[in-house]
Every structure is written in structure tokens, then in C-alpha cells.
There are 2 protein chains.
Amino acid sequence: MSIPQSKPQHHELFAQRTKVQAGIAAFDFSGRTVDTSDVIALNYGLPDGEFFQIPELTEAATKALQVDAARVLQYGGGSGSKRILEYLAAQKTTSWNIATDPNDILMTSGSSQGIDLIARLFLNPGDEVWFEEPSYFGAIHIFALNGATERGFPMDEEGLLVDAVEQELKNRKATAQAMPKLFYVIPNFQNPTGLTMSFARRVKLAELAASYGFYIVEDDAYGELGFDEISIPSVKAIAPEHTLYLSTFSKTIAPGLRIGYIVAPRVIIQALQKVKAEGGTSGFVQEVLANFLESVDFSAHLKKVRTAYRLRRDAMVETLAAHFPKEVTWTNPSGGFFVWVTLPPYVDVAKLWEYAIEERVSFVGGAPFYVSEGSGAQQMRLSFSFYSPNVVHDGMVRLAKSLRNYLDDTPQVRPS
Amino acid sequence: MSIPQSKPQHHELFAQRTKVQAGIAAFDFSGRTVDTSDVIALNYGLPDGEFFQIPELTEAATKALQVDAARVLQYGGGSGSKRILEYLAAQKTTSWNIATDPNDILMTSGSSQGIDLIARLFLNPGDEVWFEEPSYFGAIHIFALNGATERGFPMDEEGLLVDAVEQELKNRKATAQAMPKLFYVIPNFQNPTGLTMSFARRVKLAELAASYGFYIVEDDAYGELGFDEISIPSVKAIAPEHTLYLSTFSKTIAPGLRIGYIVAPRVIIQALQKVKAEGGTSGFVQEVLANFLESVDFSAHLKKVRTAYRLRRDAMVETLAAHFPKEVTWTNPSGGFFVWVTLPPYVDVAKLWEYAIEERVSFVGGAPFYVSEGSGAQQMRLSFSFYSPNVVHDGMVRLAKSLRNYLDDTPQVRPS
């Protein structure tokens, strides 16, 4: 063949918006390859596969193919399969007090795709998306990929400091500057902090969205994984017209199904459907999910996993209290998968990571969770979801040891 | 609750790039709702569910969950599941003469997502994507959604008129204008025309890509559905460094799995992986597919469906020859799902559609397959894939009758 095989300059051809930092690659500070075989990995936000309901999913898959395979395996398109949309509408309406019609829902390939579709629908290059800080690095990455200008606002124990947001909105208005288009929040058991936004803050944020004309993107991936009976109304329930609500079955059933969904005003769902250009979320998997949800006692399942995850959280925070120096502080989440740890200012978390890997334990450092450059250097996210309480305990003991080793090796960093 | 429920001006907030025409909605000229229960639908490009291998898929799904559910149902990420990547690499290398390593492949949610990811990776607003015309409306829509400026080049019986492309490239170079970034083609059994690009044209296009520095996006959705033994080397085999190759299991196994893939130079695969922001294609479905492909005689299956689809094509073109006026012309595809019909210049295909629906048969008019405004008014795409030869025959007889009815009702349009 006579085609000259010159190597094109790939990177010169790539779009500008792809030149954002890939936050998601930041698990590993050093970039070196680590043999992970005996590492207790507290970095990934994984549900424990022990809770996957294998026999029930197998039966659901078999049934999907036996009852109506010619339809289930055909092109689907639209916003989703009818049965799953109806299940979700009923569930959101009754359990979550979010009045929802099947036409207000779009099925997505996990809630990551939901974030991506919202970004695609709303963002012109440079449009602003605001965040509570720290926030989920996947969302920060996806919005950036879609050309967003990003800005973070601080949090305290009650979640986002909404007063700081209001102040900035007022300034913007007074000086005729552009408003944000979207505000991305994770009100329940936030990733990475595990914090929950108070009811008063939610109401206030909703009021700001209504007054200043932006949308709240409410990511509720962990909403069904609260450890206590108390549950705060979602922002979507408070201000349905101003909120784009995202959730997923990845944490409660299994990530590998890749099924999430968006609940939003119908006009938005219709517009999102038009920008969802991948031919639809797998109809087969949607049918498996519908069969599964009809056949199992999902409330009982949720109760079981909540109890299990609560015990893992307990193991993590108890070991933090028992084995870490008093200058280390942490959040005590009432749900979800994560504890957020703040180390003393003299600890360099990237260096600590090297010591942790030596002790066969891993975590994610704070930096990728920040929009603001240079933040997160003393923080780390620890996930307690994947291992039994004993293993979580052992992992935390290893981490405490690696912190001691680090401090012993570098006494000069510690103030005398 | 005190939140003022003002309706935000959704459309004012939407991104500019979303304001493209949704070609995919153009199936129905009139916009009116049609009761489709007894319509022979020759519009959709659907594989026949009769060829879905239900027992084998059921077994594959059961096995996926029994052998290693905790892994299969977990977060996957990366470019795809190892087994399916290895299967594809081996298959492309041996059967298609495309030397492929698993690292040169990215699994996608159908090939539509493949198109979307390529568009996202390469296109800044206004960057040019070129097409053979007519072309697949889904691709035209997806590239437009990603901000492409689109331009079409004519075809003849040997496919794309590459000389016209070369002329334009020369003009661009001489006048220092911007080059296209991508050229999207469907060389085998094209959608919508059913035409196949000749070997000489493929080589020439590959040479142009190498000389002028653009990528060929080769959509090979129908490549395994050729009716004859002859098979022309893919553009990817001719110029691997300059071609991004797309395919899918939607036509050969089942669309509802939503599994397609991209074969491209490794540096491109790695970059595509970074812009694939939906958390990965379902690991569960990839495992089902791997089990399925290992357990069935896929070559025998392909042989069976090729034979079946060939008989359907025969039924369609024979009925065209027997029942349509001599001014009507059509392509005679050697594979795939589609016949492209050109009506006499005095027929308005949008009006014919109304007559067709009266006779309970449907088709897609030519317009959405063109980038160029105002083209396709005398053309229609007919799909023979979904029905048995008898039903295809009946549908074509109905279509012939609706053409007669239309011409009888509007004698003035016919030149005397």
C-alpha cells in the first residue's frame, strides 16, 4: 500500500475544551505504578460487591430475555423504558416528596452521564458553574470538559455557606456581571466531605436560584444511604422548577448496570433527550432493573446496606479517634461512603501518600476536589464503603502508622 | 414553602450549539401522530428481533452473574472489559486485516456514542466535518450538536467522488483556508444509499487524509452484513494512522445491548477515554457479550443473517422493478439494511408520505440525510431489514399503490 504513514499531530487537532486537567486521574500522586494486590484501598468510592443481589439480578435478567426479548433488545431511544420511568416517578413522589411524572425523568448511563448532558445542554464556552468546595472531582472534570468556568464557595458543618453565594450574586448584579448558569451541589452525605446541607441552607439556595435565574444541579447519589431516620427534604422538593435532580442505582444496586436518571422540568427533559446522542441507555439493562425492583423488597435491602455501611463508618471514625494525633480532624458523616480528614498544616499529603503505599493502604488527597488552585494540600478523602469494619479498622491503623513514619522521618516539618 | 415558583426562561439558558435541527426527529414529515399498529414501517433501520439469539444471550447473562458478579457489576472505567477488548483485537486483526491491539480499542454505548466522543475530542466551534452526501442523519446531527460546520460532497455508484474532495482541499490550501478536521464516511453498504465505496476511492481518500492532515471517521456499522463473498479492505486497513474506525454489535447481535467500539491510534484512544465522561460502558453487558461471543458460532450466525437479509433485499428490489413506474430509480445494495429510491422530479416526497401512511406503509424522506439545505426532496430511504420477504413485498406493493394514488390525485404535477 502506498499511503505515506506520517503521524498526524494529534494534539494540535484536539478541541480546546479537552485541555482541562483530568481530575479523575489524580488518585495517585506519584504517577508510578503501584502493585495494589495487598493494598487496603480507601480511595475508591465503591459499594461492596457483597451487597449485590446476584440471584435476584440473574432472575431479572433471565426474565427480561424470556418475556419480550425482541422488544427489550431492540433500539429503544426516548427518555427510557416505560416501566422503569413509572417505578421512579412513583418512588420519587411517595418516598421523596418530589411530585414526579414519568415524563419528567430521563434515564442516563450513571449519574455521570446526567452531569455531562446537563453541561452540554446549558454551557457555552466560559459560562459559569458554581460549586460547594470541596466537591466531587468527576463533576468538576465533566463541567470543565464542557467549557465551564468554575468557581467554588466554602462550606462549614452545615454545608455550603449560602451567604457567601448571595453576596457574590449581589455583587454581580450591582456591577452587571454575568450570572452563573448552574450551581452543582451534593446536599446529602457529600462527596468528598460526607457533610449534609441543612434545611435552612437548602431553602436559601433555592431562593437564590429563583431570584437570580440559575439552576441548581442536585446530585443525590447517596441520598438513599442515610444512617439515621431523619431525612431533610431535597432541594428538588423545595424548588422543583429550579432544580435538576440527579441520582443513580450505582451505589444501591450495582455500578456495572450504569443506570442513573435525571428528574427535571419536562421542557428540560425534552431538551436533554435531544442532546443525548448515544442512541439511548441500554433497554436490556433497564428491563433487568425493572424486573429486579418489582421482585425484591428494595426497602429491606436499603435498610440492610445502610446498617452495614454505618458500622463501617463507625470503624473508621473510631480508629481515627483512637490512633491519630489530636491535630488531625475529620467529619462524621451520617450517610454515604466518605470521611474527610484534615491533617495538620505541616503535613504534605502527597508525601504522606508515599508512606501510606509503603504500609499498603491508599487514599485520595484533597486537591482534585477543589476548583481553586492550590487547595486541599492538607486533606484527604477516605472511603469506608468497600471493606468490612475489621478491614476498615486495619486500613486506618496502617494509615496512622504511615503518618507516624512520615513525621518521624521529617521531624523538621513539625513546629517545635 | 416560600420559594417563588417563577418559570425560568429555559431556552435563553441553553447553549448555542443545541440550537441545531434535530434531524433524527424527521422521520415523520407532518409532525402528526400516526397510529402505527398496522403500518409496514420501512423507515427504521432495525435488525429483525427474530435473529436475536435469546437462549444464548440468557445463558451468557446468567454466566456473567454466576462466575464473577462482584467484579462484573462493579465500577469498570477504562477503555473496556479485558475479554471483549481481546476478542475484538483478535477479530479485527484476523478477519479484517486491521492490525489491532486491545489498547487501540475503546468500547462505546453503540457507535453513536463513538461518533459523539470523536466530535467532542476534535471539534472547536466552527471546525469543519465533511461528509459524503447523502449520509447518516444521526452522524450529521451529532457533529452539529458538537459545533461542527458541515459540508457534503457528492457520490456516484462507486461512492464518494473523491476528486471533488481533492479539488476543494487544493483550493483551500492555495487560498490558505482552514482544512477539515474530520471526514465521516460509511464505505460499506452505506446508510442511506446502500452503496459501497470502491477500493480505488478508499485509497485516494486515505491519501488525501495523509497529505492534508485530517482524520477519516470510518463508520462500519454494516460491514459484517455483506451479501457476497467479496469484501473490500476497510479504510482503516489502508491507512491505520489516519482513520478512526467505528463499529457496533447493534446490527449483528442486538441494539438493546448498546455496545459499539472505536479502533484508533492509541494516543487517540487515550484521549477519547478522557472525554468519555459517563463512567464507562456497562461492564455487565460487556461481560454478557464476551460470554456470548465465546459460546456461539458467530460466523455461522452472520452467515445466516446475511442470507436472510439478502432475500429481503431481493424482495424489495424485485417489487420496485415490478410495481413502480420506470421513472423511479433505486440502488441495489450488496449488504446492509437500505435501498435508496429516487423519484421523478415532479414528485413531492413529503406529499407522497401522506399517501403512504393512508396505505399503512412508511419510509424516510431524503432531506435529513443531506447537510446541504433543500436536497433530498425526490428521494427516500427504504429499509428491508425488519420484515420477512413477504411483508417487505407487501409493503412495497402498498408503496407503489400510494404513488399511483398520489399521481392520480395530482395529475397537474406530471409533465405531459
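Proteins get letters first, then strands, A, B, ... in listed order; numbering begins at 1 in each.
With a 4.5 angstrom heavy-atom cutoff, B:A209 does not touch chain A via any of its atoms. In this structure, no portion of B:D127 lies under 4.5 Å from any heavy atom of chain A. The parts of B:P47 that come within reach of chain A are both its backbone and its side chain, each placing non-hydrogen atoms under 4.5 angstrom from that chain. Both the backbone and the side chain of B:F284 come within contact range of chain A, judged by heavy atoms closer than 4.5 Å. Proximity to chain A (any heavy atom under 4.5 Å) is shown, for B:Y212, by neither the backbone nor the side chain.
With respect to chain A, the highest number of heavy-atom pairs below 4.5 Å among B:S111, B:A254, B:P233, B:G260 belongs to B:A254. The candidate with the highest count of non-hydrogen atom pairs below 4.5 Å against chain B, out of A:T58, A:D116, A:L121, is A:L121. Between chain B and the options A:A277, A:A70, A:G49, heavy-atom pairs under 4.5 Å are most frequent for A:A277. Here A:S109 is the residue among A:S109, A:A61, A:A64 with the most heavy-atom pairs under 4.5 Å with chain B. If you tally non-hydrogen atom pairs under 4.5 Å between each of B:I259, B:I142, B:L182 and chain A, the highest count goes to B:I142. Contact tally against chain A (heavy-atom pairs below 4.5 Å) for B:Q286, B:E50, B:R258: the top residue is B:R258. Between chain A and the residues B:G147, B:P255, B:S112, the most heavy-atom pairs under 4.5 angstrom are made by B:P255. Among the candidates B:D48, B:L257, B:V72, B:I253, the residue making the largest number of heavy-atom pairs closer than 4.5 Å to chain A is B:L257.
The local environment of CG in A:N97 is sparse, with at most 12 non-hydrogen atoms from other residues, nucleotides or ligands closer than 6.0 Å. Residue A:E59 qualifies as open at atom CD: its count of foreign heavy atoms under 6.0 Å is 12 or below.
Residue A:T62 holds its OG1 atom at 10.5 Å from CG of A:L57, rounded to the nearest 0.5 Å. Atom-to-atom distance recorded for B:F14:CZ and A:N124:CG is 12.0 Å, nearest 0.5 angstrom.
Between A:E287 and A:R71 there is a salt bridge, since at least one side-chain N of the basic residue sits less than 4.0 Å from a carboxylate O of the acidic one.
Between the side chains of A:K276 and A:T108, not a single donor N or O lies within less than 3.5 Å of an accepting N or O. No side-chain N or O of B:K251 forms a donor-acceptor pair with one of B:S385 less than 3.5 Å apart.
Between the side chain of B:K181 and the backbone N or O of B:E128 there is no donor-acceptor pair closer than 3.5 Å.
The only option from A:V129, A:V275, A:I268, A:L244 that meets the side chain to side chain contact (heavy atoms under 4.5 Å, CB included) definition with A:I118 turns out to be A:L244.
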